[in-house]
Amino acid sequence: MEKKYITEILHHLGEDDLPCGAVNPPIFQTSIFSFKGFDEFSTALSDETNHFLYTRGNNPTVNILEEKLAALEHAERAKLFGSGVAAIVSSISAFLKSGDHIVTVKDCYSWTSTYVTQYLARFGVEHTYVEGNDVNEIEAALKPNTKIIYLESPTTFTFKLQDLTEVSSLAKMRGVKTIIDNTWATPIYQNPIDFGIDLVVHSASKYLGGNSDVVGGVVAGSDEDVRRIFEKEFLNTGAVPDPFAAWLILRGIRTLHIRMPVHFQNAMELSRRLQKSEAVESVLYPMLESSEQYALAKKQMRGGSGLFSFKLKTRDIDRIKKFVNSLRFFRRAVSWGGYESLISPYAVSHRDPGDNVSLIRIHAGLEEIEVLSEDLDRAMKELG
Ligand SMILES: *Cc1c(COP(=O)(O)O)cnc(C)c1O
């Protein structure tokens with residue numbers, strides 16, 4: 001595939017012939033597309049993947065974004081969905097039927113996990129969880145009926161990596177499809193298809209949108225695989241992105257290559273500071289030289305994003321609450337990938353957190369680093 005500059009993709013690709021010389025594409029707020037005659041109408045109906053027919057299929061605003069996302073991920077084709085979860089579950093189910101088996105990394109996104117363990121189980125699909133850091137463990141989990149190895153590298157609370165080259169060559173040997181959630185690294189820092197992975201999924205609600213104002217998802221891969229997902233799942237489940245949502249993601253993605261290095265830099269600085277803090281037991285950020293999987297991180301990623309976690313030494317929930325509540329600039333919220341810094345304690349979402357009661361996830365936003373480090377220092381003092 002011809003190499004393109006990132007800004008060529010983000011700012012130009014698919015936008016050469018916009019009406020009236022517009023610099024930004026119009027929002028095609030239309031549900032249907034009409035035809036000159038019987039034959040054109042019939043052709044579109046017989047190959048909806050490649051035609052405009054109905055917006056629960058293709059839409060021109062959406063397609064511009066898809067062309068960019070495919071190019072960013074070095075893929076032949078991409079399809080945008082109404083959410084990251086919709087893209088994930090559609091990509092998984094397109095390759096499964098009752099009686100099949102899927103291998104999944106244990107610490108994957110919570111709704112992916114719910115889908116695999118509860119939803120798929122209702123339709124007779126078996127699963128095996130793996131830690132993912134050892135390819136032999138993944139090989140041992142494979143069964144004759146295994147159809148998919150589902151990866152998320154790194155996972156987004158525990159930051160565990162899988163070796164993409166090793167896993168993809170194992171999968172190819174055994175005729176198993178590989179799917180990876182690449183939301184954390186973004187295509188700016190990791191291109192799984194270059195390591196032989198078949199399909200890449202993203203929540204576009206995070207860095208691709210980048211402003212915490214839109215929900216969306218994407219899958220990128222070979223023309224054949226994405227067409228299958230489109231025809232078997234997307235059209236049937238109606239997990240459609242709204243043209244306006246696609247337009248917001250297009251607007252957000254224009255600055256992706258500028259935002260990611262700032263998130264990276266802020267996360268490096270904050271994680272290094274936290275490592276030095278007396279109150280902190282451990283810091284989980286794959287781009288720290290001290291990280292257990294640093295060599296692997298360097299091998300398959302060009303950088304890191306703003307999301308990492310750390311564990312406080314204390315297990316006292318009241319002190320942990322005091323720390324969390326005294327932050328002024330880190331907002332207490334789910335999700336991540338916007339301009340703003342966030343904090344999300346593990347114990348908020350897990351009623352029985354066990355030893356992870358003091359595990360806290362940080363999203364380093366685009367603020368000046370001093371604003372963030374002073375805020376954390378102040379909260380550390382509150383912790384006592
Ligand atoms: C948020 C997220 C998802 C789900 O995406 P939505 O757009 O919220 O549906 C999937 N994977 C990861 C890693 C995420 O962070």
Side-chain angles (χ1 to χ4, degrees), residues 62 65-66 69 73 78-93 102 104-117 119 132 148 150-162 164 178-190 192 197 199-220 229 233-234 237-242 244-246 248-249 252-253 256 260 263 267 284-286 301 304-309 333-338 340-344 346 348-350 361-365:
V62 174
L65 176 59
E66 289 169 351
L69 292 167
E73 281 297 9
K79 187 73 209 131
L80 193 75
F81 285 75
S83 72
V85 163
I88 291 166
V89 305
S90 303
S91 305
I92 293 176
S93 13
I102 175 171
T104 309
V105 287
K106 189 168 115 286
D107 293 350
C108 66
Y109 182 69
S110 59
W111 288 105
T112 307
S113 171
T114 307
Y115 181 69
V116 168
T117 56
Y119 196 101
I148 295 174
Y150 186 88
L151 309 173
E152 191 176 307
S153 185
T155 54
T156 57
F157 229 114
T158 50
F159 300 93
K160 290 180 192 156
L161 277 68
Q162 300 100 55
L164 305 188
T178 42
I179 306 177
I180 187 171
D181 185 329
N182 196 30
T183 306
W184 186 84
T186 82
I188 299 293
Y189 289 144
Q190 178 168 263
I197 300 294
L199 287 159
V200 179
V201 288
H202 283 275
S203 166
S205 326
K206 311 292 162 59
Y207 291 117
L208 302 180
N211 286 274
S212 299
D213 56 5
V214 63
V215 171
V218 66
V219 58
I229 294 163
E233 306 293 330
F234 183 92
T237 55
V240 211
D242 185 82
F244 181 56
L248 281 174
I249 300 167
I253 210 170
L256 182 66
M260 292 314 294
H263 289 295
L284 304 174
Y285 188 56
M301 295 192 287
S305 74
L307 195 77
F308 67 96
S309 59
V334 296
S335 193
W336 41 275
E340 76 288 14
S341 286
L342 300 170
I343 185 155
S344 177
Y346 187 86
V348 160
S349 51
H350 295 75
R361 192 175 73 180
I362 291 272
H363 179 246

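In each ligand, atom 1 is the first atom listed, and ligand 1 is the first ligand listed. Fair warning: this is a prediction, and the values are worked out from it, not measured in the lab. We number each residue from 1, following the sequence as shown.
- Residue contacts with ligand 1: Glu152 is placed with no nitrogen or oxygen under 3.5 Å of a nitrogen or oxygen of the ligand (distance criterion only).
- Ligand 1 lies nowhere less than 4.0 angstrom from a heavy atom belonging to Val201.
- Taking every heavy atom of Ser205 and a limit of under 4.0 angstrom, the matching atoms of ligand 1 come to 6 (P), 7 (O).
- Ring centers of Tyr285 and Phe159: at least 6.0 Å apart, outside the cut-off.
- Of the protein's non-hydrogen atoms, Val85 N, 2.9 Å is the one closest to atom 9 (O) of ligand 1.
- Taking the side chain as every heavy atom from C-beta outward, Pro187 and His202 approach each other to under 4.5 Å.
- At a 3.5 angstrom cut-off on N or O pairs, Gly84 counts as close to ligand 1.
- Here Leu256 contributes atom CG and Thr186 contributes atom OG1; the two are 5.0 Å apart, rounded to the nearest 0.5 Å.
- Looking at Trp184 against ligand 1, nothing comes within 4.0 Å, counting heavy atoms.
- Between Trp336 and Tyr207, some side-chain heavy-atom pair lies under the 4.5 Å cut-off.
- Ranking the protein heavy atoms by distance from atom 14 (C) of ligand 1 puts Lys206 NZ, 2.8 Å first.
- Only the side chain of Asp181 comes within 4.0 Å of ligand 1, judged by heavy-atom distances.
- Listed by number with element, the atoms of ligand 1 under 4.0 Å from a non-hydrogen atom of Ser83 are 7 (O), 9 (O).
- Ser93 has its side chain out of reach of Tyr119: every pair of non-hydrogen atoms, C-beta onward, lies at least 4.5 Å apart.
- Taking atom 4 (C) of ligand 1 as the reference point, the nearest protein heavy-atom neighbour is Tyr109 CE2, 3.4 Å.
- Proximity of Thr112 to ligand 1, defined as any heavy-atom pair under 4.0 Å, is not found for any part of the residue.
- Residue Leu164 forms a side chain to side chain contact (heavy atoms under 4.5 Å, CB included) with just one option from Ile180, Thr178, Asn182, and that option is Ile180.
- Annotation for ligand 1: atoms under 4.0 Å from non-hydrogen atoms of Gly216 are 7 (O).
- Looking at heavy atoms from C-beta onward, Asp181 lies out of side-chain contact with Ser203 at the 4.5 angstrom threshold.
- Expressed to the nearest 0.5 Å, how far OG of Ser349 lies from CZ of Arg361 amounts to 8.0 Å.
- Donor-acceptor pairing under 3.5 Å is lacking for the side chains of Thr112 and Glu152.
- In terms of polar-atom proximity, defined here as any N/O pair under 3.5 Å, Ala204 makes no such contact with ligand 1.
- Those atoms of ligand 1 that come under 4.0 Å of a heavy atom in Trp336, given as number and element, are 15 (O).
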